[in-house]
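Let me begin by presenting the structure, written as structure tokens, before commenting on it.
Proteins get letters first, then strands, A, B, ... in listed order; numbering begins at 1 in each.
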Amino acid sequence: QQPVQSPQAVILREGEDAVINCSSSKALYSVHWYRQKHGEAPVFLMILLKGGEQKGHEKISASFNEKKQQSSLYLTASQLSYSGTYFCGTADRGSTLGRLYFGRGTQLTVWP
Amino acid sequence: DAGVIQSPRHEVTEMGQEVTLRCKPISGHNSLFWYRQTMMRGLELLIYFNNNVPIDDSGMPEDRFSAKMPNASFSTLKIQPSEPRDSAVYFCASSLPSLAGGPTGELFFGEGSRLTVL
């Protein structure tokens, strides 16, 4: 039930773009994205509740393909501050109310 | 406004000792989660409370782990007896229901309690 994230790690130069993918074997109710910097707590980025939904947060956006049970996080013109580990969290349809499964994370490093 | 407050931030103990981790959720949040983070297993949900009632504890590893939420502003996670494999960062998070009335809204995480069991 844990979603699968890819890639495991990404190294970018400032200004480059990246895509992080999250897929589940279960039918999904919602997808959450969080960013965690080293030694800190995960911080919420966005939640997608409906298939086809897209959202943006600064130059970070995400999409949710309900049929494919997938979500993607898009980081555009990356900044140094984007470095960290990105986690997707998924809530399965039919699972216990409130249960959120997190992927293993994608470590993003942005170099100047 | 204060965020989720966890204590202690760091705990080093010896195998067999009892460990108690504490959490104060954000005022007004009615859902509280305990997660464990390790390199090997990532972020694992241990237990989830809604309105102080445990809803899902299927993630609790074994009987050595117990969690309580005696009131809306306090929760504890206890490990007795502790083992080296319990070493991890334990996060507490709280949330309101999602705006759409769905299962989970935005989670606000505490700074975590780093546990080392020798």
Side-chain angles (χ1 to χ4, degrees), chain A residues 1-9 20 22 24 26-53 55 57 62 64 66 71 84-107, chain B residues 2-6 9-10 23 25-26 29-60 69 88-114:
Chain A
Q1 292 157 321
Q2 182 181 41
V4 177
Q5 287 186 236
S6 63
Q8 290 186 339
I20 299 171
C22 174
S24 174
K26 299 283 188 178
L28 299 177
Y29 180 90
S30 62
V31 179
H32 302 223
W33 286 97
Y34 289 78
R35 177 171 64 204
Q36 184 180 29
K37 293 188 179 283
H38 184 69
E40 299 181 6
V43 175
F44 175 82
L45 292 176
M46 63 191 80
I47 179 173
L48 300 106
L49 293 172
K50 294 185 293 186
E53 186 173 19
K55 282 194 174 179
H57 174 78
F64 177 20
E66 191 175 10
S71 176
T85 301
Y86 290 78
F87 293 95
C88 71
T90 56
D92 302 338
R93 289 190 181 278
S95 69
T96 304
L97 191 72
R99 189 169 187 91
L100 194 65
Y101 296 92
F102 282 96
R104 296 294 301 274
T106 296
Q107 187 169 357
Chain B
V4 175
I5 299 172
Q6 290 187 246
R9 292 292 311 277
H10 301 274
C23 174
I26 293 173
H29 284 193
N30 64 344
S31 296
L32 184 139
F33 306 80
W34 282 100
Y35 282 91
R36 177 172 68 177
Q37 186 174 39
T38 61
M39 289 294 293
M40 291 295 294
R41 301 173 70 92
L43 268 168
E44 301 174 274
L45 178 64
L46 300 177
I47 188 168
Y48 155 53
F49 292 88
N50 193 47
N51 293 324
N52 311 338
V53 177
I55 302 299
D56 183 0
D57 64 355
S58 60
M60 296 285 264
M69 192 164 186
V89 180
Y90 290 81
F91 285 104
C92 175
S94 69
S95 79
L96 293 165
S98 71
L99 293 176
T104 304
E106 174 183 351
L107 297 186
F108 293 81
F109 284 84
E111 293 294 311
S113 293
R114 181 176 293 276

Note to self: To the nearest 0.5 Å, what is the distance between CG on B:Leu43 and CD on A:Gln2?
What the structure shows: 9.0 Å
Checklist line | Which atom of B:Phe91 lies closest to which atom of A:Gln36, heavy atoms considered | finding: CZ-NE2, 3.5 Å
Notebook entry, point to check: Where is the tightest heavy-atom contact between B:Phe109 and A:Pro42, given as atom of each residue plus distance?
Noted result: CD1-O, 3.5 Å
Notebook entry, point to check: Should B:Leu107 and A:Tyr34 count as side-chain neighbours, where that means a heavy-atom distance under 4.5 Å?
Noted result: yes
Checklist line | Contact summary for B:Tyr35 and A:Leu100, nearest pair of heavy atoms | finding: OH-O, 3.3 Å
Item checked: chain A contact via B:Arg114 - side chain, backbone, both or neither, heavy atoms under 4.5 Å -> neither
Check: Taking all non-hydrogen atoms of both residues, which atom of B:Gly110 and which atom of A:Ala41 are closest, and how far apart?
Finding: O-CB, 2.9 Å
Check: Side chain, backbone, both or neither: which part of B:Glu44 has a non-hydrogen atom closer than 4.5 Å to chain A?
Finding: neither
Note to self: Please find the pair of heavy atoms, one from A:Arg104 and one from B:Gly42, that lie closest to each other, and give the distance.
What the structure shows: NE-N, 3.7 Å
